[in-house]
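The next block holds one structure in the form of structure tokens; read it before the comments.
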Amino acid sequence: MDEERVFGMGDEPLAAPTWPALTEAEASSAVAATWGLDGTTIEWRSARPLSATVGVRTGSERFVVKRLPSALRDPVALAEEHRFMAHLRARGIPVPEVRTVTGSASQSAASCDRLGQHRFDVVPVSAGDGHADHRHAFVYEVHQAGEGDDRYRADFSWTPFRDVEDAAGAGTMLARLHSAAECFDAPARPARPLLASMHNDVVSAFEWHTARRPALAAFLADRDWRTEVPDLRADPTTVEPLWTHGDWHPTNLLWRDHEVTSVIDFGLSDRTTAVFDLATTVERTAVDWISLRDRGPANVRTDQITALFEGYQSIRPLNHAESRLLPDLLPLAHLGYELSEIDYFLTIPQEPRNAEIAYHDWLLGHLRWYETPEGHDLRTLLHELCVC
């Protein structure tokens, strides 16, 4: 893969990155500020488009450095994720430790303010056209490298598992995570860019997000979206709320053989419910959305869905209310995230073309597919798996 390009939204499989690449000096400063180690060398670069991420080595230690614009995640937002990660780690879930440093992209050593918050000296990064970009301050997450093989690193997020054994292993770890999360009682997160959220129906989801996201409201104002969306509904009030990962798919897991050995990327974690995570996993891994966009087959991986559920229910069997909810929740699982992604494209990188792609292909396209015979068959399969 071309290390200077990232996954595209739809016009092309790979695209020029929105954010400048992390430099080795930047990564070194971030590692020094958070872990007190010097001499960092970049070993790999991520092709994920919504942040700049590198894997680095310093001596015998390895870290993952992720740079995000503070308009996307400020320290308060990251602390919401990190508290959940620490809770899970303390209860035996293999989640790498993470530390944070704030400031603009800088090649100088970081300092520490009187509150103990790490920060860089402010040196604007290049906007890519030879001029400094003053629009964005950044936040850096520096994660210890997780144990295991990151063998899905080069894969697009909507990628199926390599085999049914990986699917079963993912289901087993997800059930362990949900059991560990049961006593984490933080409130739901506020409306932030790029955040998954659970909704009862399509119309109320649109109304909830437009009330909190002015740019999204303006984007939808001249569209007759109420006639474009199907009438899909679920009733999550019958199940217990739970903090969940929110983005469970193989590229966010590390592996040893078919066992999940580390869980990463909690950027979409929030207070939803356990079957929301299961629905998200099916949505992310079992349907070939790229093929469907190009008018090809859905290639639904029923074998992997079955293995995922068998692995999950071997640890945490679904109760009656969860079993009833899951087939109805599946078509809505992607909705909250996609509305927040449209808002992100409109407000932070200011990429209206990507907002249009997200709306037509990934929001309307997904919702409408669940109204097709294949979509109904998938929901029927989930019903059958839940009652077994």
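Figure legend: cation-pi geometry between R223 and Y359, with NZ or CZ positioned under 6.0 Å from the six-membered ring centre and within 45° of its axis.
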Residue pair R271, D185: steps toward the side chain to side chain contact (heavy atoms under 4.5 Å, CB included) verdict: CA-CA 9 Å; R271 186 177 174 88; D185 197 30; 3.3 Å; yes
F345 and E341: CA distance, side-chain angles, deciding distance, side chain to side chain contact (heavy atoms under 4.5 Å, CB included) verdict: CA-CA 6 Å; F345 285 128; E341 186 178 50; 3.4 Å; yes
Step-by-step side chain to side chain contact (heavy atoms under 4.5 Å, CB included) determination, W225 to V203: CA-CA 9 Å; W225 59 264; V203 171; 4.2 Å; yes
Test log, rule side chain to side chain contact (heavy atoms under 4.5 Å, CB included), inputs Q144 and W35: CA-CA 9 Å; Q144 286 185 323; W35 295 91; 3.5 Å; yes
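Note that CG of L88 and CG of L177 are 4.5 Å apart. Values are rounded to the nearest 0.5 Å. Between the OG atom of S70 and the CZ atom of F138 there is a distance of 8.0 Å, given to the nearest 0.5 Å. If you take OG on S314 and CD on E310, they are separated by 9.0 Å, rounding to the nearest 0.5 Å. Considering NE2 of H209 and CG of L216, their distance stands at 8.0 Å, rounded to 0.5 Å. Between L253 atom CG and I264 atom CD1 the span is 7.5 Å, to the nearest 0.5 Å. Remark: D231 CG to R226 CZ distance equals 12.0 Å, nearest 0.5 Å.
No donor-acceptor pair closer than 3.5 Å links the side chain of D201 to the backbone N or O of L232. Formation of a donor-acceptor pair under 3.5 Å by the T58 side chain with backbone atoms of D38 is found in this model. Side-chain atoms of T172 come within 3.5 Å of backbone N or O of A168 as a donor-acceptor pair. No donor-acceptor distance shorter than 3.5 angstrom exists from the side chain of R189 to the backbone of E81, with no hydrogens or angles considered. When atom types are taken as modelled, the side chain of Q313 and the backbone of L385 share a donor-acceptor pair closer than 3.5 angstrom. The backbone N or O of V76 lies less than 3.5 Å from a partner atom in the side chain of D74, making a donor-acceptor pair. Within the 3.5 Å criterion, the main-chain N or O of P297 finds a donor-acceptor partner in the side chain of S291. In this structure, the side chain of D265 does not engage the main chain of N252 through any donor-acceptor pair within 3.5 Å. Judged purely by atom type and a 3.5 angstrom limit, W369 has no side-chain atom pairing as donor or acceptor with the backbone of A298. In this structure, the side chain of R368 engages the main chain of E228 through a donor-acceptor pair within 3.5 Å.
Taking the salt bridge (Lys or Arg N to Asp or Glu O under 4.0 Å) definition, one finds that D149 meets it with nothing, sequence neighbours left out. Residues satisfying the salt bridge (Lys or Arg N to Asp or Glu O under 4.0 Å) test with R213, not counting sequence neighbours, are D343. With sequence neighbours left out, the side-chain contact (heavy atoms from CB on, under 4.5 Å) criterion links S323 to L318, C386. Partners of E322 under the salt bridge (Lys or Arg N to Asp or Glu O under 4.0 Å) rule, at least two apart in sequence or in another chain, are R316.
At a threshold of 4.5 Å between side-chain heavy atoms, the hydrophobic network of Ile, Leu, Val, Met, Phe, Trp and Tyr places Y140 and L72 in one connected group. Linking ILVMFWY residues whenever their side-chain heavy atoms come closer than 4.5 Å, directly or via other members, leaves L194 and W208 in distinct clusters. If you chain together hydrophobic residues whose side chains sit under 4.5 Å apart, L326 and V300 fall into the same group. Note on L195 and L346: separate hydrophobic clusters, where clusters join Ile, Leu, Val, Met, Phe, Trp and Tyr whose side-chain heavy atoms are under 4.5 Å apart, directly or indirectly. No continuous path of hydrophobic side-chain contacts links V164 to I315 [ILVMFWY only; heavy atoms under 4.5 Å].
Between the side chains of H245 and D247, no donor-acceptor pair of N or O atoms lies under 3.5 Å. When only modelled atom types and interatomic distance are considered, H366 and E338 share no side-chain donor-acceptor pair under 3.5 Å. Under 3.5 Å, the side chains of R162 and H258 contain no donor-acceptor pair of N or O atoms.
Summarising the geometry of T347 relative to A215, their closest heavy-atom pair is CG2-CB, 3.4 Å, with the distance given to 0.1 Å. When every heavy atom of P230 is checked against every heavy atom of V202, the shortest pair comes out as O-CG2, 3.5 Å. G169 approaches V260 most closely through the heavy-atom pair O-CG2, 3.7 Å. For P250 against T285, the heavy-atom pair with the smallest separation is CD-CG2, 3.5 Å. The minimum heavy-atom distance between G246 and T280, with the atom names listed, is O-CG2, 3.7 Å.
Using a 4.5 Å heavy-atom threshold, the side chains of T53 and L22 count as separate. At least one side-chain heavy atom of I93 sits under 4.5 Å from a side-chain heavy atom of R176. Residues P94 and M173 form a side-chain contact, since some pair of their non-hydrogen atoms from C-beta on lies under 4.5 Å apart. Annotation: side chain of L367 is in contact with side chain of L363 (closest heavy-atom distance under 4.5 Å). Contact of the M198 side chain with the L329 side chain is registered, since non-hydrogen atoms from C-beta on lie closer than 4.5 Å. Proximity of E356 to F219: side-chain heavy atoms (C-beta onward) are separated by under 4.5 Å at one or more points. Considering only heavy atoms from C-beta on, P69 comes within 4.5 Å of I348 through its side chain. Using a 4.5 Å heavy-atom cutoff, the side chains of L325 and P236 are in contact.
Annotation: side chain to side chain donor-acceptor pair (under 3.5 Å) contacts involving residues 88-97, sequence neighbours excluded, comprise H87-R91. Residue pairs meeting the ring-ring contact (aromatic ring centres under 6.0 Å, His included) criterion with at least one partner in residues 304-323, sequence neighbours excluded, are H178-Y312.
The existence of a salt bridge linking R233 and D235 is excluded, since no basic side-chain nitrogen approaches an acidic carboxylate oxygen closer than 4.0 Å. Electrostatic pairing of R151 and D166 counts as a salt bridge here, judged by a charged N lying under 4.0 Å from a carboxylate O. Between E141 and R73 there is no salt bridge, since none of the side-chain N atoms of the basic residue sits less than 4.0 Å from a carboxylate O of the acidic one.
Taking a 6.0 Å sphere around CD of E24, one finds it holds more than 12 heavy atoms contributed by other residues, nucleotides or ligands. Within 6.0 Å of CG on D222 lie no more than 12 heavy atoms contributed by other residues, nucleotides or ligands. The environment of CZ in R284 is crowded: more than 12 heavy-atom neighbours from other residues, nucleotides or ligands sit within 6.0 Å.
Residues H143 and F63 place their aromatic rings such that the two centres sit no closer than 6.0 Å.
Between W243 and F84, the ring planes lie tilted relative to each other; the angle falls in the 30° to 60° range. Ring geometry for W255 versus Y152: interplanar angle of 30 to 60°, hence tilted.
Each of W362, Y370, W158 was evaluated against H334; a single residue qualifies, W158, per the ring pair (Phe, Tyr, Trp, His ring centres under 6.0 Å) test.
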